[in-house]
Protein chains: 2
Amino acid sequence: MRRMTARPANAHQARLLTLLRDGGPNSRAQLGDQVDLSRSKLAVEVDRLLETGLVVADGLAASRGGRRSHNIRLAPGLRFLGVDIGATSVDVAVTNAELEILGHLNQPMDVREGPVAVFEQVLSMAAKLRASGLAEGFDGAGIGVPGPVRFPEGVPVAPPIMPGWDGFPVREALSQELGCPVMVDNDVNLMAMGEQHAGVARSVDDFLCVKIGTGIGCGIVVGGQVHRGATGSAGDIGHIQAVPDGRPCACGNRGCLEAHFSGAALARDAQEAAQQGQSEELAGRLAAHGTLTASDVAAAAVAGDATALGLIREGGNHTGQVIAGLVSFFNPGLVVIGGGVTGLGHTLLAAIRTQVYRQSLPLATGNLPIVLGELGPSAGVIGAARLISDHLFSPA
Amino acid sequence: MRRMTARPANAHQARLLTLLRDGGPNSRAQLGDQVDLSRSKLAVEVDRLLETGLVVADGLAASRGGRRSHNIRLAPGLRFLGVDIGATSVDVAVTNAELEILGHLNQPMDVREGPVAVFEQVLSMAAKLRASGLAEGFDGAGIGVPGPVRFPEGVPVAPPIMPGWDGFPVREALSQELGCPVMVDNDVNLMAMGEQHAGVARSVDDFLCVKIGTGIGCGIVVGGQVHRGATGSAGDIGHIQAVPDGRPCACGNRGCLEAHFSGAALARDAQEAAQQGQSEELAGRLAAHGTLTASDVAAAAVAGDATALGLIREGGNHTGQVIAGLVSFFNPGLVVIGGGVTGLGHTLLAAIRTQVYRQSLPLATGNLPIVLGELGPSAGVIGAARLISDHLFSPA
DNA sequence: CGACTTTCTCCTTTCACAGGACAAAGGGCG
DNA sequence: CGCCCTTTGTCCTGTGAAAGGAGAAAGTCG
């Protein structure tokens, strides 16, 4: 079955599709209010979109005191696939054209097993979603990987935690398998786009989105657009020095932020503390699970464990210190904290806030909200769907 | 005398003006090659520009084997004023429409004397330039101030080193005095624009421009545009922590980069070293001048003084460490080092490069030039002229 | 049932633009 | 010197984009 064969023919059509995506069904009159075109021209463009099948007119809206309007909406059968590959798990979701999640799967996975194995898993998850009746096929897919990406080609480059992925043609391969257009980006950038589209960063044009998972990264949005940098490695803040002559890091340096705080570092520190008898709470969890993760630390912190709280606070201090520097440099309008460790919640947030508000200048922090992301694990897949829809809803 | 009464009426005219500004005189045919318009449409727009007087046709070019072409150029009488207010001196220059400097004055000044006194000085310098026959009047002026600016209004906000300037309507006041449009920006941003227009950053779209003068700042260019941040304080890297629990800074924190390295810090450190008898070279200069400046340290370094070299190297290390973090975060395609301390030259540059190449990941540094600015004190005034010409050469 | 609103369609006019024909102005060559 | 070629610039016409008004369609309210 061939799907979404058409693309918007001009900027007006692209704008209309975007409005319908972000604002849901609209009458022609409502669209006209937002688009600065005459009614006649608007009608022409809407008609052309109707002809292509990208949008449909279904039903009449209730009258608002005059003639009833036709509901114009994006084709209800459009389906996007959002894939968010993390270091230790993968999220796959199906959305409609409005980027609402219709179905979402999460499975553990090890990205180090390489692209072939991971692809197999992703494809089987996508097949499962399709089999459940949520989609007959996909009109496009967005995929995020935990490393730098040469964006135009959709190819990972020199990814530190993904041996075997370097140069693998993710975009081309996935496009072949799924039979639809695919866009690839860094997972952190997708999280930022997700929070921008449907989360705390709605209508914010300049913000930072710090993702603390197995590693640490930062999505940078400038003027509403993701900044990817000269080689696609922008936002790679995990290897900024947080502690002079600090702990050795896998990258060869010492004192990198990631060596002192991240999901992996936190688990390791907690395990050490448990083994050294510093915390009964953590020791109990270690005995129960055999190994500790960031979630165990989060649970221990909720239970009031002082050691867990101390680890979180210390990590937050280091993170906050780095973020303080970024805030001085970039002067964002908002800082979003997200990723796997959002479970650490307000202990972490408080530590970060303290450092940033203390170290950055008042002009930069005066009106600066520092908040947790509100989409959780959905941010990445929504961002992925957003990525491909931005691509498909732009003039061919 | 009324000047430059017209503005481009549409985007085509704006594009043409910009091409003529950056590429010098051109024939209609040459313009057509760069502008993706039909010859007929191009001729219409050029004719309209000729009518407004913004451009003139003077003389015929030599034949290239066919009919001779008319030289189209920007009106030769157009004059822009570029003003660069530093902490301790002020630069004022006149440029033609192609942003070539026709005359340039530099005078010592203390920005802390407040806007009224500084304005008086700037206006008298502008008058002197005008009196020398370089300009009959100004069609626009750009001005840079050493602190954050609310860009749309052209008003400094909370400038740390400029007491008395907070909220002073620089744009409006100067526009009134000069009788022409004025744009205001941070001095560091103007330096970045200058190097982008006529210096080392030509044709680079994403780069950082670190200005080390009395203080330290960083111009951020994203996609060819200066990034000013949510409150106009983007690039304010002088108060990023470079040394944990380091020296106290005027901002109230400890270990700020600016407290450890900047023109002011360097002079202070050199003076201390001289007084403690660590360097005969510096002590001699101190005795001769009564006080030391960064230039003295530069001269001592050139003379081979180990203490001076050590100070520069140490400062470069701190600066390089901060820049390394910014490089990881922002992934620029180029880093430009400029400002008053460029006299420190390659000793400084080497220290910075060492830190950046050592601390940032290979993907970000692999293809990253770190170079000195090539315009020196002209960068700021050229950037100022560029700022106002960008404004005037955009559709009204 | 008539007055008024809101939504949508159709028609005419205006404008932007491309592209070809053509004029102007030169060079090179026999 | 005449002829043909190239380059540059101008003019004209056709086409499509777009605005804006008239009016039809479909409703509400008194």
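Below, chain A is the first sequence line, B the second, and so on; all start at residue 1.
Nearest-nucleotide assignment on DNA chain D puts the 5′-proximal partner with R68(B), out of R68(B) and L37(A).
Taking a cutoff of 4.0 Å between a charged side-chain nitrogen and a carboxylate oxygen, R48(B) and E51(B) do not qualify as a salt bridge. A salt bridge links R21(A) to D390(A): at least one charged side-chain nitrogen sits closer than 4.0 Å to a carboxylate oxygen.
Side-chain atoms of A29(A) lie closest to dC8(C) of the nucleotides dT8(D), dC8(C), dA16(C). Comparing atom distances between the R28(A) side chain and each of dT9(C), dA18(D), dG9(D) picks out dT9(C) as nearest.
At whole-Å resolution of the value, NZ in K41(A) and C1' in dG16(D) are 8 Å apart. Nucleotide dA16(C) holds its C1' atom 13 Å from the CD atom of Q13(B), rounded to whole Å. Computed from coordinates, the N26(A) CG to dC8(C) P distance equals 10 Å when rounded to whole Å. Going from atom CD of E45(B) over to atom P of dG9(D) covers 16 Å, rounded to whole Å. Look at CG on L60(A): it is 11 Å from C1' on dT7(C), rounded to the nearest Å. Atom C1' of nucleotide dA16(C) and atom CG of D36(B) are separated by 14 Å, given to the nearest angstrom. At whole-Å resolution of the value, CG in L31(B) and P in dT7(D) are 18 Å apart. Distance NE2 (H70(B)) to P (dT7(D)): 17 Å, rounded to an integer number of Å.
Proximity of R39(A) to L42(A): side-chain heavy atoms (C-beta onward) are nowhere separated by under 4.5 Å. In this structure, the side chains of H70(B) and S27(B) stay at 4.5 Å or more apart for every pair of heavy atoms.
One can find a donor-acceptor pair under 3.5 Å joining the base of dT7(C) and the side-chain atoms of R67(A). Residue side chain S40(B) reaches the base of dG19(C) through a donor-acceptor N/O pair under 3.5 Å, judged by distance alone.
No side-chain donor from either of D205(B) and Q225(B) sits under 3.5 Å from a side-chain acceptor of the other.
Not one side-chain nitrogen or oxygen of H12(B) sits closer than 4.0 Å to the OP1 or OP2 atom of dA16(C). For S38(B) and dA18(C), the shortest distance from a side-chain N or O to OP1 or OP2 is below 4.0 Å.
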